[in-house]
Peer 1: 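Take a look at this one; I'll ask things after.
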Amino acid sequence: MSVNIIIKNAVKKFGDNTVISDISLDIKDKELFTLLGPSGCGKTTLLRMIAGFNTIEGGEFFFNDKKINDMKVSTRNIGMVFQNYAIFPHYSVRQNVEFGLRNRKYSKAAIKKEADKFLKLMQIYELRDRKPEQLSGGQQQRVALARALVIKPDVLLMDEPLSNLDAKLRLEMRQVIRDIQKEVGITTVYVTHDQEEAMAISDRIAVMSNGEIQHVGAPQEIYHRPRNKFVATFIGRTNFINASYHSNEKLIKFGDFSFSAENLSVQEDCPVLLSVRPEDFIMHKEENSPLKGIVKDSFFLGLNTHQLVELNHNQQLVEIIRESSLENLLNVGEEVYLSIKNHKINIFSDDGTRNLIRKD
Amino acid sequence: MNRKARFDLWTLLTLGLLILYGIFLILPMMNLLTKAVVDKETGQFTLNYFVKFFNTPYYFNTLLNSFKVTTAVTILTLIVATPLAYIFSRYEIRGKKFLQVLIILSSMSAPFIGAYSWILLLGRSGLITQIFKNTLGITIPNIYGFAGILLVLTLQLYPLIFLYVSGALKNVDNSLLEASENLGCSGVNRFFKIIIPLITPTLLAGGLLVFMRALADFGTPMLIGEGYRTFPVTIFNEFISEIGGDDGFAAAISIVAIIITMIIFLVQRYISVRKSFTMNAINKIRPKEASGIKRILIHAYSYLLVGISIMPQVYIFYTSFKNVHGTTFAPGYSFQSYTAAFDKVGRAITNTMLIPAISLVIIVFLAVLLAYISVRRPGPVSSILDSISMIPYIIPGSVIGITLLIAFNKPPMILSGTMIIMVIGLVIRRMPYTIRSTAAILQQIPMNIEEAALSLGSSKINTFYKITMPMMAAGIISGAILSWITMISELSTAILLYTARTRTLTIEIYTQIIRGNYGIAAALSTMLAVLTIISLLIFNKFSQDGDLSM
């Protein structure tokens with residue numbers, strides 16, 4: 001049985017040090033929910049509160065309507081995948097997978113049947129009699145997943161499960177985790193600091209910083225309409241440009257450039273901060289835009305080419321990404337004219353705490 | 001690299017060390033073997049000594065006795081110390097640092113001193129025995145014999161297991177414990193299903209060390225064993241006794257002892273290799289506060305165990321200030337025993353400092369070379385050298401004493417009765433430990449640091465002295481201090497090799513106990529303990545994390 005997880009006003013303190021002051025979340029049944037943030041943001045702490053390894057200093061945690069605050073780790077019925085897998089080195093693959101079933105006093109036949117099922121599901125059935133030392137990182141990861149899922153947990157918790165794998169394997173295992181999660185249909189809380197991994201794998205993401213939730217939403221929403229400056233910088237790359245809002249014309253202006261902005265959540269004139277993704281600039285050699293700059297540097301990365309362009313009006317450097325092409329290489333020192341995909345620009349309050357386009 | 005280029009100074013040193021081991025270990029061992037199988041009168045090959053040993057229950061039983069009591073000691077130390085180490089690494093305990101110091105202190109004295117103190121406490125007219133008899137009317141069971149040896153050696157040797165297991169638990173990743181709990185297995189169940197299997201190789205290694213030490217211990221069974229004869233005592237008696245002293249027979253017993261320890265060693269290695277796996281803890285186990293009854297229990301266990309094990313030393317310290325009348329303690333306190341002790345010690349104090357000091361210099365010098373050769377210059381010759389240098393690990397101290405005496409009491413090298421032979425004895429016995437700890441330090445220094453020096457134009461020897469040695473220095477010094485502490489309380493080899501001129505403090509204490517001068521013995525023991533404590537304090541200065549490896 002899978003559940004939804006409700007967290008109300010969670011507080012975590014280590015001694016006098018408050019790590020999480022007030023977090024509330026509603027994680028839906030069968031969704032893959034990711035806690036994303038830089039190290040020290042409290043994401044692992046929160047996960048370990050759900051698992052029961054950390055005490056809860058305040059607030060309430062529910063699986064459906066069952067409060068779990070004071071339940072023992074072993075009775076919460078949680079499957080957990082650890083950062084370093086925590087495979088028992090003295091047990092074979094099969095013994096590792098069977099460990100949780102044995103503690104749950106399954107019959108011998110049931111243990112074998114269930115273990116076999118998940119060994120096969122994770123494609124490690126052939127490795128079942130090996131010792132963990134003889135397994136590669138990816139294989140250990142599969143054992144860890146099988147071991148966590150075989151006990152039919154209500155919730156699956158994953159703490160940076162891919163951080164110990166090399167880049168190629170990480171992509172492969174990311175797909176495996178997503179497929180299995182959908183197939184088994186289990187509510188999953190996933191912790192990572194890798195924003196690309198988070199976007200690829202998650203149904204929804206909570207971006208965290210300094211023990212607080214900055215933004216909860218689907219990957220597209222978080223990328224395209226981040227709630228604040230932190231989220232805009234942490235997810236993807238972006239350029240910030242200082243500009244001003246003119247309320248009577250409903251225009252945003254900087255330098256000689258302006259564009260119309262309807263329905264902002266401010267009424268009066270004010271300074272604003274624009275966030276422009278590198279791929280939302282369009283470069284031209286011919287003069288068709290009032291925004292002018294000089295190419296300062298250029299990096300060819302295969303699929304894309306990155307360019308650093310210095311804006312004429314304030315000498316600010318902006319990063320621009322475009323798909324690499326065979327011709328029209330821009331030389332350093334060359335003058336270019338920039339236009340912007342206006343509808344994709346995010347407009348933040350001057351201090352970066354609010355996205356003026358969003359209604360919340 | 002071609003063969004010629006490899007023939008350098010290190011090759012010469014390797015050969016030199018092989019020759020040294022040949023002269024001072026291999027040849028004497030051969031000699032011992034010859035003595036055991038050659039009849040003294042006829043010069044013919046004979047197995048009579050062995051037949052005599054196995055056919056005479058009197059002798060054969062000493063072997064069984066040794067085996068029984070040593071096995072019991074090993075098992076009991078494991079049972080007592082493993083939970084203690086586990087508690088220490090998982091829970092906050094009040095005064096933990098202080099307890100750790102006491103645990104180490106209680107292991108640092110010579111076992112026979114503990115035995116003698118326990119006799120003063122629990123013996124026929126012991127303090128506690130009297131209290132129980134006079135006030136409660138309870139007669140405490142006899143502690144002489146098996147029980148006494150078991151008590152003394154367990155309390156003396158469990159710190160070794162404690163240190164070993166504490167070290168091993170540092171390599172156990174906390175997520176393994178969490179994973180187990182998460183899968184429904186925690187508490188005592190987890191201790192046996194997860195923790196114990198993970199540290200099995202360490203338990204085996206620590207158990208082996210305890211086994212070897214307990215088996216070889218001479219002083220404890222001599223003092224508290226009474227009718228319970230163990231084989232180091234038998235070897236000593238057979239070899240030393242003025243009437244009917246028979247070195248051929250003593251040699252035969254020695255050979256039997258070596259064969260047994262060798263078998264134990266090989267079995268341990270065999271199991272250990274199959275049970276071992278590499279572990280690397282990213283999340284170390286951190287101690288946390290326990291609450292309620294659990295908190296009381298773990299504190300009670302820790303304090304009780306440590307309290308009992310430090311009691312002999314405290315009592316000796318106390319009695320050293322008591323008035324003495326003849327050979328019995330009298331009411332009142334004074335420095336009487338100390339005055340008497342200083343009259344008696346003569347050269348003993350100088351010897352206690354000088355013999356281990358000379359040995360230590362040689363040990364450190366040789367061990368650094370040997371460790372370097374075995375870690376950085378692997379090859380067939382260096383692995384032979386490595387194996388040879390480990391042989392003394394499994395040979396009981398009294399056997400080494402006899403081996404050296406038999407080999408060097410006749411031309412071309414007459415060393416018996418000199419300080420040199422005592423130095424050789426200590427060097428041989430202590431080398432395996434120092435080589436191992438030095439090799440471990442060396443393995444942590446990446447090779448490319450030396451390569452960097454070589455690439456910058458430094459010669460091999462210059463690199464070794466300017467780069468490698470300084471990086472190893474702190475580890476070597478702390479290892480040397482531990483060797484020093486072990487050597488100043490060494491008895492079982494020294495008891496065979498000493499003469500009036502080369503008496504050490506430890507031998508003097510032993511002699512005074514045998515003569516019944518308990519006051520003087522207590523004063524001398526206290527002096528030895530002070531020396532040990534000072535050495536430990538110096539050790540702490542040099543050791544980066546205060547880790548002890550024995």
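In what follows, every chain begins at residue 1, and chains take the letters A, B, ... in the order their sequences are listed. Basis for what follows: all heavy atoms, side chains included, without hydrogens, waters or symmetry-related copies.
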Peer 1: Quick one, A/Phe82 and B/Asn174 - any side-chain contact, counting heavy atoms below 4.5 Å?
Peer 2: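 No, side chains not in contact.
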Peer 1: Only pairs of heavy atoms separated by less than 4.5 Å count here; which of B/Asn189, B/Asp173, B/Leu183 has the most with chain A?
Peer 2: B/Leu183
Peer 1: If you count heavy-atom pairs under 4.5 Å with chain B, which of A/Pro132, A/Ala144, A/Gly100 comes out on top?
Peer 2: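 Highest number of pairs under 4.5 Å: A/Gly100.
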Peer 1: Flag yes if more than 12 heavy atoms outside A/Glu196 fall under 6.0 Å of its CD atom; otherwise flag no.
Peer 2: no
Peer 1: Answer yes or no: does atom CZ of B/Phe67 have more than 12 heavy-atom neighbours from other residues, nucleotides or ligands under 6.0 Å?
Peer 2: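 At most 12 heavy atoms, drawn from other residues, nucleotides or ligands, come within 6.0 Å of this atom.
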Peer 1: Taking atom NZ of A/Lys72 as the centre, does the number of heavy atoms from other residues, nucleotides or ligands within less than 6.0 Å exceed 12?
Peer 2: no
Peer 1: If you count heavy atoms of other groups shown closer than 6.0 angstrom to NZ of B/Lys96, is the number above 12?
Peer 2: yes
Peer 1: Can you confirm whether A/Asn103 sits close enough to B/Lys193 that some side-chain heavy atom of one is under 4.5 Å from a side-chain heavy atom of the other?
Peer 2: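 Result yes, sub-4.5 Å side-chain heavy-atom pair found.
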Peer 1: Any idea which heavy atoms bring A/Val73 and B/Glu181 closest together, and the distance?
Peer 2: CG2-OE2, 3.4 Å
Peer 1: Taking the side chain as every heavy atom from C-beta outward, state whether A/Tyr91 and B/Ile194 have any pair of such atoms under 4.5 Å apart.
Peer 2: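 Yes; the side chains approach each other to less than 4.5 Å.
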Peer 1: Once you round to the nearest 0.5 Å, how far does CZ of A/Phe53 lie from CG of B/Leu177?
Peer 2: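 One finds 9.5 Å between CZ of A/Phe53 and CG of B/Leu177.
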Peer 1: What part of B/Asn182 gets closer than 4.5 Å to chain A, counting heavy atoms only: side chain, backbone, both or neither?
Peer 2: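 B/Asn182 touches chain A through backbone and side-chain heavy atoms alike.
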Peer 1: Surrounding CZ of A/Phe14 (heavy atoms of other residues, nucleotides or ligands, distance under 6.0 Å), is the total greater than 12?
Peer 2: yes
Peer 1: Tell me, side chain or backbone of B/Ser180 under 4.5 Å from chain A's heavy atoms, or both, or neither?
Peer 2: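 For B/Ser180, the contact with chain A is made by backbone and side chain together.
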Peer 1: Answer with side chain, backbone, both or neither: which region of A/Arg147 has an atom nearer than 4.5 Å to a non-hydrogen atom of chain B?
Peer 2: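 Its backbone and side chain both get close to chain B.
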Peer 1: Relative to chain B, which segment of A/Leu101 carries a heavy atom at a distance below 4.5 Å: side chain, backbone, both, or neither?
Peer 2: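 Neither part; nothing is under 4.5 Å.
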Peer 1: Counting heavy-atom pairs closer than 4.5 Å to chain A, which one of B/Thr200, B/Leu198, B/Asn283 comes out on top?
Peer 2: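 Ranked by heavy-atom pairs under 4.5 Å with chain A, first place is B/Leu198.
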Peer 1: Side chain, backbone, both or neither: which part of A/Ile151 has a heavy atom under 4.5 Å from chain B?
Peer 2: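 For A/Ile151, the side chain is the part near chain B, not the backbone.
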